[in-house]
Amino acid sequence: MTSGADISAQTVREEAARRRTFAVISHPDAGKSTLTEALALHARVIGQAGATHGKAGRRSTVSDWMKMEQDRGISISSAALQFEYRDAVINLLDTPGHADFSEDTYRVLSAVDCAVMLVDAAKGLEVQTMKLFEVCRHRKIPIITVINKWDRPGNDALALMDEVFERTGLTPTPLTWPVGQSGDFRGVLNRADSTYTKFTRTDGGATIAGEETMAAAAAEALEGTAWTDAVEESDLLDLEDQNHDQDAFLAGRTTPVMFASAVLNFGVHKLLDTLVDIAPAAEARLDKNDQPRPVDAPFSGFVFKVQAGMDANHRDRLAYIRVCSGVFERGMVVTHAATGKPFATKYAQQVFGRDREVIDTAFPGDVVGLVNASALRVGDSLYLDEKVEFPEIPTFSPEHFMVIRAKDSSKYKQFRRGIQQLDHEGVVQVLRSDLRGDQAPVLGAVGPMQFEVAEDRMEGEFNAPCRMERLAYTIARRTTPECVPTLARERSVEVLSRSDGELLALFSDRWRLQGVQREHPDLVLEPLVVS
Ligand code: G4P
């Protein structure tokens with residue numbers, strides 16, 4: 001098939017420069033789903049807010065796919081929403097809302113160029129917010145911070161800025177400043193040009209909120225002290241030099257801040273403008289040898305998520321690819337770096353929740369869902385002509401462990417197939433040892449809800465109902481084959497191998513780990529990854 005040769009390098013560079021690929025991340029309940037639907041609404045992808053929201057009473061469920069998600073009203077799966085806004089192409093990657101699926105969030109973050117961190121004005125920085133800040137810092141992802149729910153009484157705006165600075169080390173550089181305290185959200189002061197954007201409520205926030213931008217004098221006449229207070233506070237930020245600096249933002253030293261109410265659609269338009277104006281475009285990505293792959297090089301990309309069983313009508317398996325360079329054209333035959341084998345891309349789709357569309361062409365920054373891509377695993381690279389391998393996506397250290405067995409031993413074949421599939425997708429980590437055998441592997445997870453997903457899918461999708469039994473380990477450390485005999489002699493320590501070849505030593509708790517380390521200081525017992 002074609003190799004994208006009919007699309008010029010110049011076009012690829014221009015298309016890459018138009019891309020803004022980002023994820024919204026937050027502590028659960030900060031308003032991520034609400035903001036996602038508001039962004040989609042603004043892009044006029046959907047007619048009325050609510051279509052992507054899975055909470056009770058809303059119209060339909062687009063991004064929450066499994067029954068379990070619907071029951072609990074949480075979003076487990078990742079999907080990508082693409083829309084055009086101004087002259088940009090926005091790729092919004094969805095991340096799971098629940099902390100138990102943070103490994104999944106981490107994978108999605110490997111595929112974005114920027115993150116929008118949503119903070120609840122009344123709650124400030126929460127546990128998951130802090131973890132995600134850390135992950136972004138580790139991956140050098142620039143962060144735009146959105147203080148959400150300003151329509152509700154909450155913290156003082158300056159106090160929130162202090163909290164961001166003190167707890168993350170990033171200097172907050174507000175682009176907008178709220179007019180009206182939290183609970184009395186009238187509009188925002190645009191700090192770049194000192195104008196005022198006044199927001200007007202619409203019925204239930206279901207349609208785009210009214211906005212009117214005016215000069216400072218008109219704002220003062222209209223809002224009185226609410227306006228002058230905002231100006232004074234903004235002047236204080238000036239004194240501290242808390243103004244946007246593009247280089248410092250891209251280098252991860254500062255975070256631009258905006259104020260919003262996702263539920264009322266206030267500030268959403270400005271967030272989109274900000275993404276277009278300052279978020280980084282798709283640029284050359286570093287390969288595993290730290291060499292940049294220019295965006296106009298031949299096609300390349302990597303798998304950041306594998307997902308199956310999205311609904312009963314589509315019992316297939318999707319591998320999500322982030323395009324890093326060149327043009328993706330449906331039908332092209334690329335090379336799968338892990339095996340060196342050709343890989344046909346006949347069934348390529350753009351996926352958002354249940355909605356799927358066939359995708360014919362994609363550029364750097366875009367996400368392509370490849371259907372029935374059973375050979376692909378998370379972290380795999382694909383390329384055309386010039387070989388490239390992107391860095392592996394690190395796995396988290398599991399903290400919960402279960403032995404899993406088929407309830408019905410005649411279903412062993414289905415059982416094995418299911419376990420292998422869940423392993424490939426990274427739903428859980430699969431650990432084994434000769435002692436335990438393949439009939440009773442150990443599943444490792446970052447959060448216990450991952451086990452529920454695994455159990456659900458083993459029964460529903462692979463027709464292999466299972467029994468699970470908890471193991472009393474909470475800590476995993478990477479070790480080497482040489483250390484295994486010594487570790488095997490230790491009480492309540494077990495060594496298991498993971499499918500990526502890592503050997504993991506499991507310990508009941510920190511004290512047990514420290515005891516073993518004290519006794520055998522030469523043992524290799526390394527922490528797995530940032531968490
Ligand atoms: P999440 O995806 O981050 O978990 O949060 P989600 O959007 O589901 O929002 C959590 C709750 O916060 C929802 O209320 C939502 O309506 C509310 N919310 C989101 N943004 C704002 C905002 O800007 N202002 C106010 N006041 N509330 C906001 P809920 O009662 O849990 O659900 P629902 O019945 O309203 O859907």
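The first residue in the sequence is number 1, and the count goes up from there. Indexing begins at 1, ligand by ligand and atom by atom, following the structure's order.
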A.B. asks: Does R86 pair with D273 as a salt bridge, N-O distance under 4.0 Å?
C.D. replies: yes
A.B. asks: Of the backbone atoms (N, CA, C, O) and the side-chain heavy atoms from C-beta on, which set of K149 has a member under 4.0 Å from an atom of ligand 1: side chain, backbone, both, or neither?
C.D. replies: both
A.B. asks: Are R19 and N91 close enough that a side-chain donor and a side-chain acceptor fall under 3.5 Å?
C.D. replies: no
A.B. asks: At under 4.0 Å between heavy atoms, is it the side chain or the backbone of D151 that contacts ligand 1, or both, or neither?
C.D. replies: side chain
A.B. asks: Got an N/O contact under 3.5 Å between G31 and ligand 1?
C.D. replies: yes
A.B. asks: Is the distance between the ring centroids of W227 and Y196 under 6.0 Å?
C.D. replies: yes
A.B. asks: I'd like to check which ligand 1 atoms, numbered from 1 as shown, lie under 4.0 Å from a non-hydrogen atom of S261.
C.D. replies: 22 (C), 23 (O), 24 (N)
A.B. asks: Can you tell me which portion of T34 lies within the under-4.0 Å heavy-atom range of ligand 1? Options are side chain, backbone, both, or neither.
C.D. replies: both
A.B. asks: Between E15 and R18, does at least one N-O distance fall below 4.0 Å, as a salt bridge requires?
C.D. replies: yes
A.B. asks: How close do T168 and R137 get, counting heavy atoms only, and between which atoms?
C.D. replies: O-NH2, 2.9 Å
A.B. asks: Is it the side chain, the backbone, both or neither of A30 that has a heavy atom closer than 4.0 Å to ligand 1?
C.D. replies: backbone
A.B. asks: Below a 4.0 angstrom heavy-atom separation, can you tell me which part of S26, side chain or backbone, both or neither, approaches ligand 1?
C.D. replies: side chain
A.B. asks: Only heavy atoms of D29, strictly under 4.0 Å: list the atoms of ligand 1 that pass.
C.D. replies: 1 (P), 3 (O), 4 (O), 5 (O), 10 (C), 12 (O)
A.B. asks: Is F22 close to L275 at the side-chain level, that is, under 4.5 Å between some pair of heavy atoms?
C.D. replies: yes
A.B. asks: I want to know if ligand 1 touches W150 in the polar sense, i.e. an N/O pair below 3.5 angstrom.
C.D. replies: no
A.B. asks: Flag the pair R20 and D277 as a salt bridge only when some basic side-chain nitrogen lies within less than 4.0 angstrom of an acidic carboxylate oxygen.
C.D. replies: no
A.B. asks: Would you check whether A262 has a nitrogen or oxygen atom less than 3.5 angstrom from a nitrogen or oxygen atom of ligand 1?
C.D. replies: yes
